[in-house]
Amino acid sequence: MTSDLRTASSTAGEQLRTALVDQLQAGGHVRTLAVETAPHTALRHPFVPDASLADAYADAPVSIECDIDGTPISCTAQPGPS
């Protein structure tokens, strides 16, 4: 991976994390600085390596394991309330 690609991914990830925080704030789900800061310090995408950055930082669960038929059997938690 080139440093340009890492920088682009880092920038895109930061933008997506900021958008997620903005969305959670708009929904009234972020009430403290600690909750606002968490997505910027505890990255989500390394834990879902098969997901795109957009999927990793969407306000939705991400499937991380499927059964033989492709049915999701394990997923990450949704960042905001559903």
(request) Taking Asp69 for its side chain and Thr71 for its backbone only, find out whether a donor-acceptor pair lies under 3.5 Å. (result)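 No; zero donor-acceptor contacts below 3.5 Å.
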(message) Using modelled atom types and a 3.5 Å cut-off, is there a donor and acceptor pairing between side-chain atoms of Gln78 and backbone atoms of Asp59?
(response) yes
Roughly how far, to the nearest 0.5 Å, is the [atom2] atom of [Y] from the [atom1] atom of [X]?
X	Y	atom1	atom2	value
His45	Arg17	NE2	CZ	6.5 Å
Asp50	Glu65	CG	CD	11.0 Å
Arg44	Leu16	CZ	CG	12.0 Å
Glu14	Tyr57	CD	OH	9.0 Å
Ile64	Ser74	CD1	OG	3.5 Å
Thr18	Gln23	OG1	CD	12.5 Å

(request) Go through the structure and list residues passing side chain to side chain contact (heavy atoms under 4.5 Å, CB included) with Thr41, not counting sequence neighbours. (result) Thr37
Nearest heavy-atom neighbours spanning [X] and [Y]:
X	Y	value
Val62	Ala56	CG2-CA, 4.3 Å
Cys66	Pro72	SG-CA, 3.9 Å
Pro79	Ala60	CD-N, 3.8 Å
Ala51	Asp55	CB-CB, 4.1 Å

(request) Treating Ile, Leu, Val, Met, Phe, Trp and Tyr as nodes and any side-chain heavy-atom pair under 4.5 angstrom as an edge, say whether Leu43 and Leu53 lie in one connected cluster. (result) yes
